[in-house]
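Here is the structure we will look at, set down as structure tokens.
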There are 4 protein chains.
Amino acid sequence: MFIYYRNMRTKDENKIISIHNAIFDLGIEIGYQNLSIAKIAKKANVSPATVYIYYKDKEDMFSTLYLKVKDIIDSNLFQNVNSEQPFKLQLETILKNHVQAIMAYPKESVFMKYINSNPSLISKEAYEEGMKKAAYLYQLYEEGVEKQVIKNVSKELIIAITFGPLNHLLEQHYYAQTKMSEEEINQTIEMSWDAIKA
Amino acid sequence: MFIYYRNMRTKDENKIISIHNAIFDLGIEIGYQNLSIAKIAKKANVSPATVYIYYKDKEDMFSTLYLKVKDIIDSNLFQNVNSEQPFKLQLETILKNHVQAIMAYPKESVFMKYINSNPSLISKEAYEEGMKKAAYLYQLYEEGVEKQVIKNVSKELIIAITFGPLNHLLEQHYYAQTKMSEEEINQTIEMSWDAIKA
Amino acid sequence: MFIYYRNMRTKDENKIISIHNAIFDLGIEIGYQNLSIAKIAKKANVSPATVYIYYKDKEDMFSTLYLKVKDIIDSNLFQNVNSEQPFKLQLETILKNHVQAIMAYPKESVFMKYINSNPSLISKEAYEEGMKKAAYLYQLYEEGVEKQVIKNVSKELIIAITFGPLNHLLEQHYYAQTKMSEEEINQTIEMSWDAIKA
Amino acid sequence: MFIYYRNMRTKDENKIISIHNAIFDLGIEIGYQNLSIAKIAKKANVSPATVYIYYKDKEDMFSTLYLKVKDIIDSNLFQNVNSEQPFKLQLETILKNHVQAIMAYPKESVFMKYINSNPSLISKEAYEEGMKKAAYLYQLYEEGVEKQVIKNVSKELIIAITFGPLNHLLEQHYYAQTKMSEEEINQTIEMSWDAIKA
DNA sequence: CATGAATGAGGTTTCATTCAT
DNA sequence: GATGAATGAAACCTCATTCAT
């Protein structure tokens, strides 16, 4: 009566994790366009109906997973970064943290990229929530502009030119099943820096 | 018997154009994820069966249209560019031609971008064929590297850092229904140049 | 080229009639609550998808069929009725025409009654359109009230007290598989008349 | 161990009442066609599984509730009625009691009417049990016929012509959220009486 | 007693594609 | 070439019910 031999939470988590992994793996195997609840459920060894216990619908499923993935990938984005450091060092650290995370969670990254390219698959709320993760980045860039360390251009442009090329290369390496070298990373970051520095 | 002396090709072309426009418009209206042959046919005022006269299947339809769009958008990419000009001028002209084309064919660009993000929607052959359009670019970059005008990094990286940020901004402007200013364009190109110049 | 050995219209009508009959028969066999598109299609020997060629959705299917049934059953409602006749004769004729129709189309009547009891199954428009069929009835009642031939009560009440009991009995006879006798009909009509006459 | 000394029956009753109210309210809110155990349970703040503690299945749930509702609504049907009174007075009192009950229990009445229109939702036994509530009515009508106070027609017809119009109007008033006036009630009863009196 | 989790079966609807004309 | 009709397969989702705790 007082002892739960198996507790319900555990069961939940297992099923949820199964579903998440099924999405990551199937998405890569057959293409995210071709995912369906039935296929995901089958891969996860649960009934399609079970999916609807955890998620209201497909959009909710993708939204929730998207935020979870963003959390994972962005969780260490600002590790070893503090506002006392010079701008360039901060940026470098952030970008390297990002590369680290993408390489540590390749499947999750592919999923994230797919959603980023097809944002209509998740709810507006989730999308906006996801944007918030980078709040400090915006602040950092603003300061950089103010202090005339970097060029006075829109934050979007700066993000595009700092994260864009790195992500592009990371993706290519993922599909080629090769590993991005330290040198390549440094080179790319250096280029981004050259692009934005005042 | 009723014989149409009017050129049959004409009729064909009209139907094809209807179908293409239906795809562009519907893709934007209801999202490319939600396109179906039936919806496209309805919007184009043709029968679903008619679509299969022109295309073997959905993949063939997207593939063909993708190549057509790439042709349109890339057709003037090298206008006013010749190999005698200094590298930077050539690059500038190419990027400006690109911006011009994207702004001249916004709907086509959205479609192209959607396919680029979801390449499994078209055939491998079509995808690779599409890549060839930029052959001269590769050559130009190689020369630039050789002559030590630009940094010695992979072509992919250079493409990512030159076209990437521009495309990103162009897309944002499209959805915001605003127009990218001459200044913004120049600024972005300048940044790309700063990034890659030796 | 000019001769259609089998024309499409025919095919259509056959399928539609199959579907309608499937609804009438299945509704009685397994209960209208338990109808599903799949079951209806199976009974009609068509694919579920075929149903959606003829009807937008389930509601549209029921709405269309409801109006068709109302048309059939009400088509002769005013046969042999003309405004010169005394009120009571007109009413009598109308009610007898109604009884005739219900007995001639028992399955259709059961369907109509089911929809009347569950109007949320059809569209508002169809429901209102169905109400119009009885327009002359309202006019007749109004005249009857004006000329003080019948009591000055609401039209709804008069309809309820004239058609209600007849319908009730007709239904009972249908389920008992008995036939309402001439005498019973006359008796019931006489009672309704006693109820409403001034 | 934790023993609840508080009467278990109490807890039960609360849950049952919650379930019943959930049915009444949801039936009106979303339509009785669209009720499901899950929705009812949610509205009642109980688990779907709990419903199956109290009822064998959905049919049993509806059957039980139907009989309960019939009990409530018919409980005072014969209040102030005794067999010594003249027939018309008895009938009048019964009908007024009925109107009273319907107006006092509008939600329950809607449920009852829904089941009456769709009797296949409850068990045969429950339906027949429900019919018995009006036993005295049958007896009264029989006596009325015998004593030649009312016309010699079937009991069903008499019930249809006495209760039918009243119920029809009561329903209309319920959906129009208006209140049936004393006068309207009397008028309607008078009409019924005119219909059946010998 | 009470429950949240779980599910097979089945609901409505749309899909890409083919058929018959 | 062109079409509306037709369909098996599959999409998303909900159902009534049972299981494990």
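In the text below, chain A, chain B and the rest are named by the order of the sequence lines, each starting its count at 1. Model, not experiment: these values are computed from the prediction.
- When the P atom of dA2(F) is taken as reference, atom CD1 of Ile19(B) falls 9 Å away, rounded to whole Å.
- Closest heavy-atom contact between Ser109(B) and Tyr105(B): OG-O, 2.8 Å.
- OP1 or OP2 of dT17(F) has at least one side-chain nitrogen or oxygen of Tyr52(D) nearer than 4.0 Å.
- dT3(F) atom P lies 15 Å from atom NZ of Lys42(B), rounded to whole Å.
- In this structure, Asp25(A) pairs ionically with Lys107(A), as a charged nitrogen and a carboxylate oxygen lie closer than 4.0 Å.
- Counting any heavy atom pair closer than 4.0 Å across all strands shown, Ile37(B) reaches a base atom.
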**Request:** Step by step, work out the side-chain contact (heavy atoms from CB on, under 4.5 Å) result for Tyr114(B) and Asn118(A).
**Result:** CA-CA 8 Å; Tyr114(B) 175 67; Asn118(A) 305 84; 3.4 Å; yes

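- In this structure, Lys68(B) places its NZ atom where more than 12 heavy-atom neighbours from other residues, nucleotides or ligands lie under 6.0 Å away.
- Taking the six-membered ring for Trp and thresholds of 30 and 60 degrees, Phe62(C) and Phe111(C) have ring planes inclined between 30 and 60 degrees apart.
- Rounded to an integer number of Å, the gap from Ile40(A) CD1 to dA10(F) P is 16 Å.
- As a whole-Å value, the separation of Asp57(D) CG from dT18(F) C1' is 13 Å.
- At whole-Å resolution of the value, OH in Tyr54(A) and P in dT14(F) are 17 Å apart.
- The nearest whole Å value for the distance from the CD1 atom in Ile16(D) to the C1' atom in dC1(E) is 12 Å.
- Taking a pair to require two hydrogen-bonding distances under 3.5 Å in either a Watson-Crick or a G-U wobble arrangement, dA20(E) pairs with dT3(F).
- Taking atom CG of residue Leu35(D) and atom C1' of nucleotide dA16(F), one finds them 13 Å apart after rounding to whole Å.
- Looking at heavy-atom distances under 4.0 Å, Ser36(C) makes contact with sugar-phosphate atoms alone, never a base.
- For the OP1/OP2 pair of dT17(F) and a distance below 4.0 Å, the side-chain nitrogens and oxygens of Tyr55(D) include no atom meeting the criterion.
- Summarising the geometry, the separation between CD on Glu59(A) and P on dA11(F) is reported as 19 Å, rounded to the nearest angstrom.
- Distances shown here put a side-chain N or O of Lys39(B) below 4.0 Å from the OP1 or OP2 atom of dC15(E).
- In terms of position along DNA chain F, the nucleotide closest to Val46(B) lies nearer the 5' end than the nucleotide closest to the other residue of the pair Val46(B) and Asn34(A).
- Nearer to the 5' terminus of DNA chain E, by closest-nucleotide assignment, is the contact made by Ile53(A) (compared with the other of Ala49(B) and Ile53(A)).
- Checking dG8(F) for Watson-Crick or G-U wobble geometry (two distances, each under 3.5 Å) identifies dC15(E) as its partner.
- Comparing Lys58(C) and Thr50(D), the nucleotide of DNA chain E nearest to each residue sits closer to the 5' end for Thr50(D).
- When the nearest nucleotides of DNA chain F are assigned to Ser47(B) and Ser47(C) by heavy-atom distance, the more 5′-ward of the two goes with Ser47(B).
- If you check dA2(F), dT3(E), dT13(E) against the side chain of Lys15(D), the one that comes closest is dT3(E).
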